[in-house]
Amino acid sequence: MTKYLITSALPYINGIKHLGNLVGSMLPADVYARYLRQQGHEVLFICATDEHGTPAELAALDAGLPVAEFCRQQHEAQAGTYAGFKLSFDHFGRSSSPQNRELTQHFGHRLADNGYIEERVTKQVYSRADERFLPDRYVIGTCPHCGYAAARGDQCENCTRLLDPTQLINPRSALGGSEDIEFRDSRHLYLLQSRLAPRLRDWITSRTDWPTLTTSIALKWLNEGLEDRGITRDLDWGVPVDRDGFEGKVYYVWFDAPIEYIGATKEHSDARGLGDDWRSWWYDASDVRYVQFMAKDNVPFHTITFPATIMGSGEPWKVADYIKGFNWLNYYGGKFSTSRRHGVFMDSALEILPADYWRYFLIANAPESDDATFTWEHFAAQVNKDLADNLGNFVNRVLTFSRKRFGEQVPAGAEAGPPEQQLTDQLVTLLGEYQSCLDGLQFRKAAQTLRTIWSVANSYLELKSPWLEIREDPAAAQLTLRTAMNLIQLFALISEPIIPDAARTLRGIFDLGDADDLGDAGAAGSPWPALDDVRSLSWVAAGTPFTVPPVLFRKLTDEDIEAWRERFGAETAA
RNA sequence: GGGGCGGUAGCUCAGCCGGUUAGAGCAGAGGACUCAUAAUCCUUGGGUCGUGGGUUCGAGUCCCACCCGCCCUACCA
């Protein structure tokens, strides 16, 4: 079995994330990780909070907390919502960890030793009123091109021209509005990406199986010519630059954030006393397949900056074997936005419905080929049709009927005949397709195929009509019900990557006497069914006790939709 | 400005290397059934595949131009 290293883009520490963040990296990564674990592969699924950078410092200031304490609290809050969504991280780390500090500094030294780091003196904006250096974006002033008064130091939102803060007329701090700012010389480290461009290009072009979304973004940057990139900042919060003359400076958040993939792996090993196990995933790890998940805004950092860091180190650290990029999920009238609090956030989502409702809908509508839009009407329609009517109702109708007529044990009945043969033929084909989708990271199609499998079960039941069979030939009805119950067990196994809670409930229906207490996060999950098992449909034998669980998925009503539209500000027409 | 993605039935989307009458789900229409969360199953109507050229025996699928929508563009991450 192959070793799979799976990472999700690191959610920024600043606030609870929204459904767009979830569907753009963490959720599909989780589905993939769960699927591979069920297949028996050795999987390490890593994520972490990205804690450095100016926004974190400012948010802490707003909250009246020291930044370290602010981040600790936010990390805990995020970890809580991810647990609520049943994201099965093997480790959820923090980019501010000692492990990441050590590794980030290590990479800094290695790059310098290999001649990929250069010191340069640049003009940085210093705000005396705020007593801090300001990133370009936090300097505002009048645009020299169009006269727009609130242009940011990096770009004018009005005329979209790219700017340098020194070009602004009447520059002032975006924090307090103070004009008491100055341009100070500051010494910084630059990563000489330009020298690594040929190696990056070779690497990108050798990856012919990547999504075009990923490779086209990477090639665009390479084709335009890589600029050397400043990787240090004049800030207090971050990984300190341990180099003479760089006291009080830290590495830029985008230098240390991806290194935290490695850092978090080391955190994982350290926390469990696994010693150097972390290195087996990252260093000289040719037996590991590394798959990254991220939204498209993150692609440049994962195809250019991070690989440049790794290649420039001259050490055999792992680079991604596959990068799965996603487009955006939009909400009424625009993007989900953490800063504007626009959209549905993960904590409030869990307040109104359990994780599986969201997980299924988001995977079934993952923005793989284009941006997608979330609407409550679409959400409710799909949940009702697929989860409640198709899957949930099947489970309920089979179990309640069988209990009423044959008691609380799986009935025996006749031997399987041609209809069962036809059913399993169909299932084998569909399960093969489903696996192909998951292997190929085609999440929308995977959900579609899963839904088709549920539907085939309903068709089988209608074809056999045990409520009619029972009048003439009870043994025939029993065969049908026993077969249907095995379909429920099949659903329990193959639905687990997408709707783990429902899968767990389904597994609990039949008392298989195997102390089937598989945990949620981190556990290996149920063994993935072999195609031969599908042909025989014999997981659940005659005589097995069963219970009828409560309704798996409730139907969402027009009143629900109305209430949620109101609560989450969906009044703007899309 | 540059680049990317998309524009296929009312809606959300599949359609790989060009090849018989363009598919699915939902919604609509008709029917069946009554075990079930008024669920399910069967049948069915509906599309000049953004526009205009071109290549080809043949194009939704390749090439060119244009139009529309969204996104990215290196100091927000």
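Remember, it's a predicted structure, so these values are computed and weren't measured experimentally.
For A/K249, the side chain to side chain contact (heavy atoms under 4.5 Å, CB included) partners two or more places apart in sequence, or in a different chain, are A/S186, A/H188, A/D234, A/V241, A/F246.
When heavy atoms are screened at a 4.0 angstrom cut-off, A/P300 is found touching no nucleic acid atom at all. A/G225 comes within 4.0 angstrom of a nucleotide base, judged by non-hydrogen atoms across all strands. Using a 4.0 Å heavy-atom distance criterion, A/K296 is classed as a sugar-phosphate-only contact. The residue A/F553 sits close to a base: some heavy atom pair falls under 4.0 Å. At the heavy-atom level, A/I470 lies nowhere under 4.0 Å from the strands shown.
When the P atom of B/C75 is taken as reference, atom CZ of A/R132 falls 17 Å away, rounded to whole Å.
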Q: Would you give a per-nucleotide map of nucleotides 25-36 of chain B, 5' to 3', where B means the base has a protein non-hydrogen atom under 4.0 Å away, S means only the sugar-phosphate does, and - means neither?
A: SS------SSBB

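With A/Y360 as the partner, the ring pair (Phe, Tyr, Trp, His ring centres under 6.0 Å) test is satisfied by one option alone out of A/F553, A/W454, A/F443: A/W454.
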(Q) Once pairs are restricted to Watson-Crick or G-U wobble with both distances under 3.5 Å, how does RNA chain B read as a dot-bracket string, [ ] for crossings and | for other-strand pairs? (A) (((((((..((((.....[...)))).(((((.......))))).....(((((..]....))))))))))))....

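Residue A/N330 places its side chain closer to B/C70 than to any other of B/C75, B/C72, B/C70.
In terms of phosphate contacts, A/K445 brings a side-chain nitrogen or oxygen within less than 4.0 Å of OP1 or OP2 of B/G15.
Looking at A/N458 and A/N390, their side chains do bring a donor and an acceptor atom within 3.5 Å of each other. At a cut-off of 3.5 Å, with distance as the only test, a side-chain donor of A/Y261 or A/H302 sits close to an acceptor on the other residue.
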